[in-house]
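The structure appears below as C-alpha cells.
Here, residue 1 is the first one in the sequence, and each next residue gets the next number.
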Amino acid sequence: MYQYTQENLQPIFDKWLARLRLTESWDVRLELVEDPAFTKTGDFKVDPTDRKAILLLNARNPRQENPEEVICHELMHLKLYPLDQLTETLIDSHYQEGSPERSAMYTQFMVMLETTVEEMTKCWLAAVGEDTELSYGRCRGMKSFNELYEGLKPL
C-alpha cells in the first residue's frame, strides 16, 4: 500500500493545482490527517468568501492506491464547487428540510456529483497523468456480485 506523506504528495498536489488552473482562483493547502476517526480518503474544508481551501487526505488509512488519482479527484471537487453550491442552494430552496423529497433529491445530486467528478478524474489522468493506474481500493470493502443477491427470493 502506498504511504501518504507530505514529502511525496506535495509535488503531485502542486502539479494538479496548476494543471486544473486552480492556482489562479483559489489558495489551497494540503494537510494529511492522522486521526483514526477520519474515515474518508479525502475531503475539503472550504472558505468560499476568501477563496481558501484545505485538502485533507487520510494518511493513516488511505483506501486508494494511486494518490495522484485521489488528489486530482478532490481538486476536481474544488473546481466544481460553485456549481455544487448552486445546486445545493436550489435543492434547499425547493424542498423542505427533512422531507423525503429533499432527501431523495439531495442523494441523487451527491451520487451524480461523485460519478461526474470520478469520470472527469479518469479522463484527466488518462490524458495528462503520470500514474494512470486506477485505484481499486474501495472495491475491496464492497460486497461481491453474488453477495448482493444472497437472501433474495428467486423470481
Side-chain angles (χ1 to χ4, degrees), residues 2 4-6 8-35 37-143 148:
Y2 189 91
Y4 283 16
T5 66
Q6 195 77 32
N8 62 21
L9 294 180
Q10 193 66 47
I12 298 168
F13 174 74
D14 293 340
K15 174 183 69 179
W16 281 98
L17 269 178
R19 212 169 253 175
L20 294 174
R21 298 183 50 199
L22 287 164
T23 53
E24 290 86 21
S25 54
W26 287 89
D27 294 308
V28 189
R29 187 169 75 195
L30 173 66
E31 286 186 10
L32 301 183
V33 180
E34 296 283 348
D35 182 356
F38 185 73
T39 58
K40 292 180 153 189
T41 299
D43 201 1
F44 263 106
K45 299 275 186 179
V46 178
D47 179 350
T49 305
D50 203 18
R51 307 280 293 177
K52 289 181 183 171
I54 301 170
L55 171 55
L56 305 168
L57 291 181
N58 190 333
R60 186 177 176 92
N61 187 25
R63 292 181 290 165
Q64 300 289 6
E65 299 97 1
N66 182 347
E68 186 170 9
E69 180 183 4
V70 173
I71 289 170
C72 180
H73 175 100
E74 293 303 328
L75 290 174
M76 199 66 69
H77 275 293
L78 190 58
K79 190 75 173 168
L80 295 174
Y81 188 76
L83 184 58
D84 174 340
Q85 292 305 287
L86 173 66
T87 305
E88 285 193 40
T89 301
L90 287 169
I91 291 170
D92 288 343
S93 68
H94 285 85
Y95 298 96
Q96 184 177 5
E97 183 69 36
S99 71
E101 296 85 4
R102 185 195 180 284
S103 179
M105 190 58 92
Y106 188 77
T107 299
Q108 286 301 307
F109 164 63
M110 292 307 289
V111 167
M112 287 184 225
L113 176 64
E114 278 303 313
T115 302
T116 301
V117 166
E118 190 54 32
E119 281 302 309
M120 291 174 64
T121 298
K122 290 175 185 177
C123 293
W124 275 88
L125 277 179
V128 295
E130 290 176 33
D131 184 351
T132 59
E133 185 71 30
L134 297 177
S135 295
Y136 291 89
R138 286 179 41 183
C139 292
R140 288 189 181 87
M142 295 181 175
K143 290 184 175 186
L148 291 172

Nearest-0.5 Å distance that lies between atom NE2 in H94 and atom OG in S99: 13.0 Å

Close side-chain approach of H73 to E114, heavy-atom, < 4.5 Å: yes

Least distance between heavy atoms, Y81 atom then P48 atom: CE2-CB, 3.8 Å

Exam field: side chain D84 to backbone H77, donor-acceptor pair closer than 3.5 Å: no

Backbone N/O of W124 and side chain of R19: donor-acceptor pair under 3.5 Å: no

Heavy-atom side-chain proximity of K40 to N58 below 4.5 angstrom: no

Side-chain donor-acceptor contact under 3.5 Å, Q64 with T41: no

Sub-4.5 Å side-chain heavy-atom contact between D35 and R60: no

Interatomic distance, Q96 atom CD to S103 atom OG [nearest 0.5 angstrom]: 13.0 Å

Beyond-backbone contact of L75 with F44, side-chain heavy atoms, under 4.5 angstrom: yes

Side-chain heavy atoms of K122 within contact of E118, under 4.5 Å: yes

Side chain proximity check, E133 to E65, heavy atoms < 4.5 angstrom: no

Nearest-0.5 Å distance that lies between atom CD in Q108 and atom CG in L113: 12.5 Å

Gap separating the SG atom of C72 from the CD1 atom of I12, nearest 0.5 angstrom: 11.5 Å

Side-chain donor or acceptor of E31 paired with backbone N/O of I54 under 3.5 Å: no

Exceeds 12 heavy-atom contacts within 6.0 angstrom, atom CZ of R51: yes

pair L57-F13: side-chain heavy atoms closer than 4.5 Å: no

Inter-residue atom distance M76.CE - L80.CG, 0.5 Å rounding: 7.0 Å

Separation of D92 CG from R102 CZ (nearest 0.5 Å): 4.5 Å

Any donor-acceptor N/O pair, D131 side chain to E69 backbone, under 3.5 Å: no

Residue pair Y4, V33: steps toward the side-chain contact (heavy atoms from CB on, under 4.5 Å) verdict: CA-CA 10 Å; Y4 283 16; V33 180; over 6 Å; no

Donor-acceptor contact below 3.5 Å, side chain D27 vs main chain K52: no

Residue pair F38 / L32, side-chain heavy-atom distance below 4.5 Å: no

